[in-house]
Amino acid sequence: MLDLTSLNSEQYAAATSIDGPLMVLAGAGTGKTRVITYRIAYMLNCGIQPEQIVALSFTNKASKEMTERVKELVGARAKKVWLGTFHSFCLSILRRFPAEAGLSPRFSIADMGDQVDLVRKALEENKWNGLYQAEQLHSQISAAKNNLLSPEDIANGSHHIPDTTDISVLAAVYNLYERQLLLNRVIDFDDCIYKTVRLLKNNPLIQERLEKEYQYLMVDEFQDTNSAQLAIMEMIGGRHKNVCVVGDDDQSIYSWRGAMYEILEKFEETFSGTKMIKLEQNYRCSNVILSAANKVITNNTRRKDKVLWSESKENSPIEILNCEDDGKESAFVTEKCLSLMGAGSAPKDIAVLYRANNLARHIELGLKEARIPYKTYGGQSFFERKEVKDFISYLRLVLNPSDHMALWRIINTPNRGIGLKTLEKIEEYAHKLKKPPSTVLTDPELLATVRTDAVQGFADLIESYRAMPLNSAADAEELCRKILKTSGMENEIRAKSDNAAVRERKLENLRGLPNWISTIVGDHIANHGYVDYQALLDSLSLDNDKKEDQKGEKNHVSLMTIHAAKGLEFLHVFVVGVEEDILPHKNSVAIPASVCEERRLFYVALTRAKINVYLSWCLERKVANQKLYKRPSRFIEELPKETYLAGQELQRAKATTTEGRKEKTVARLGQLRALLKPT
């Protein structure tokens, strides 16, 4: 029997309201994941079939946590509930109906690096390379897909994409980009949603079928979705209207990747009669922190009102420090970390958050000098590293002979002397036979026109991998080890890496892959009874979370951007660089809507902490070898004075910043004169 007595009254109402459209407005730390999992368990106990329930989250990490919690409550029945990310759910639909979606039956997913490369090729096709930035155009194509716009929609000028400098260029590059995706039998990340919407719009019978199959939809972190994802919900959940969204517009911080803070309003417009339940009891922060966060966020317009509160007895005030420069800021963070650790806190209880990664450098130096263990989160994704992409491409081609992008990536990796002309001959010959290029490599007619030993050797290598069994986690590990042993990737790294540390890091990345692949294959078999390797490789492409140390959590201070910290919590949180032009960012200050998002970012930073929040800003900061004079962020001014220390010092520092600069300049001139004065 499901025990709901541990839920508070609002959580109970949300968990037991299962019919009709529902919006759960869940503030930071209010137990939304608990509500979602209990709601799924309650639906199953009410007799709803697990196959009819779809529960979607924003990241793979969140969906995995949700899956584990549901298993604890309902056992084996959890396996039949569709639990995953929005993109993986839509991808599963495209996998079921590839022909109707206009896709190859065994299409793959292009990673971010490959997508930008295809945009570059599109620019080269029109001889525009060097005139436009591929990354910027890729971002605009992504925005177009998030708004469900085709190349034709862009070309006719009826729709506007922000920051577009030339509509005709965008339309032309978008069109060539789509043609290349089709040629390579791949889709991009945005296509998971975009092509699913088009599939359902163009195939009413498929839409009707999915409406019948999935009668209960739940979406977590709904504030991070966009109009395209709302369209999916409307087309699948519109008939039964048993759609529940859980979100917080005050934590909408991803507009740069298509999220819309106003999406909650649009949901209410789409699903009339939506019931709203607010979760306001916070189980994380002290009331001091919540009072500050509540007050700051009220300065935003067009938000759904709520007031977070807590039963926590903690009452430490927020501490604000204005530092002379970033060196002093680093010293402040380091000394305070030592003090907290001396009082009994572990390094893992502490986080240092910042608006941009470049603010971490001085903090790192200070922690390193004090021998405080730390780890930075961010930078290049594990799956974006060349050696990892090469290895995954070998796996992809072994499992899917139609994976064009994998073939072209590894046929000459490591270097086998197979040049561009040979690749063009292979493509032309395969096109003539209407076969995937990887399946014609040993045809005598082709081999008569190319460097036979290299092409034949590569084909034999791939066939030797395909001949290996893949029925268990041990089989998968054995295949991976053989790829490493016989492909030549390790030898190429040794030959081409002059830096010993870089060489060893790359080799270590490769050596850890067989065991890691074996682990996730084993998990897949344990959860589903079999292994779907295509789904497994799809999950690697869709995963927003980096591969972390398999040995377990390390005890270190965490350094990360505020964006990366969303969903996490720590006992003690430092927010550094709380200055105008940093937080809010200089590119946002002229746009009211952008300032509101920056304020939401500050709100997220505050609500990561359970006990202590430390805010710091500098009178001057060194940027690109240039010293810039700074002033405190407007968000500090919005804090209620009773919630923080150093209020008088802060105001005095703000009032005397200009005067202080003058005094420092005069003092420096005096020192210079003294040095130049003849003795």
Side-chain angles (χ1 to χ4, degrees), residues 87 90-91 94 98-104 107-202 226-229 231 255-260 384 402-409 420-421 423-424 426-428 430-431 434 437 541 587:
H87 286 81
C90 289
L91 180 61
L94 294 176
E100 293 84 350
L103 299 171
S104 168
F107 67 87
S108 304
I109 303 172
D111 64 31
M112 182 64 71
D114 290 331
Q115 292 169 37
V116 175
D117 284 343
L118 291 180
V119 174
R120 287 197 183 96
K121 290 180 181 179
L123 288 170
E124 291 169 2
E125 185 77 17
N126 278 351
K127 296 182 172 55
W128 288 337
N129 42 311
L131 298 177
Y132 302 95
Q133 290 186 347
E135 291 82 1
Q136 184 179 17
L137 282 167
H138 177 265
S139 177
Q140 292 169 3
I141 291 171
S142 176
K145 290 187 176 184
N146 285 331
N147 285 283
L148 302 176
L149 302 177
S150 67
E152 294 73 25
D153 294 327
I154 299 297
N156 66 31
S158 59
H159 299 84
H160 174 66
I161 298 296
D163 302 322
T164 303
T165 53
D166 192 322
I167 290 294
S168 61
V169 170
L170 174 59
V173 172
Y174 186 2
N175 181 56
L176 286 169
Y177 173 74
E178 287 296 288
R179 288 167 55 188
Q180 289 185 92
L181 289 175
L182 186 62
L183 177 67
N184 285 283
R185 272 69 160 186
V186 295
I187 64 173
D188 64 21
F189 187 70
D190 298 305
D191 280 334
C192 296
I193 309 294
Y194 175 62
K195 291 192 181 297
T196 301
V197 172
R198 292 172 68 92
L199 167 70
L200 297 180
K201 282 186 175 180
N202 296 331
N226 55 41
S227 55
Q229 289 158 310
S255 65
W256 46 275
R257 62 186 185 199
M260 302 166 56
E384 287 296 306
S402 299
D403 196 323
H404 285 45
M405 296 200 79
L407 171 66
W408 301 139
R409 182 176 185 92
L420 179 59
K421 288 184 178 180
L423 301 184
E424 290 173 342
I426 296 171
E427 174 65 31
E428 183 180 350
H431 182 72
K434 297 182 179 179
S541 299
N587 294 339

Just verifying a value: how many Å separate [X] [atom1] and [Y] [atom2], rounded to the nearest 0.5 Å?
X    : Y    : atom1 : atom2 : result
L123 : L131 : CG    : CG    : 8.5 Å
L182 : H404 : CG    : NE2   : 10.0 Å
E427 : L407 : CD    : CG    : 9.0 Å
M260 : N147 : CE    : CG    : 7.5 Å
L181 : F107 : CG    : CZ    : 12.0 Å
K195 : L148 : NZ    : CG    : 12.0 Å

Please check: side-chain N/O of [X] versus main-chain N/O of [Y], any donor-acceptor pairing under 3.5 Å?
X    : Y    : value
D191 : Y194 : no
D153 : S150 : yes
E178 : N175 : no
Q115 : D188 : no

Do the rings of Y177 and H138 sit parallel, tilted or perpendicular, given the 30° and 60° boundaries? perpendicular
Decide salt bridge (Lys or Arg N to Asp or Glu O under 4.0 Å) for E135 and R120; before the verdict, give the C-alpha distance in whole Å, the side-chain angles of both, and the deciding distance to 0.1 Å. CA-CA 9 Å; E135 291 82 1; R120 287 197 183 96; 2.8 Å; yes
Hey, mind stepping through Q136 and Y132 against side-chain contact (heavy atoms from CB on, under 4.5 Å) and telling me if it holds? CA-CA 8 Å; Q136 184 179 17; Y132 302 95; over 6 Å; no
Would you say CD of E428 has more than 12 non-hydrogen atoms from neighbouring residues, nucleotides or ligands within 6.0 angstrom? no
Scanning both residues in full, the closest heavy-atom pair of N146 with S227 reads O-OG, 3.7 Å
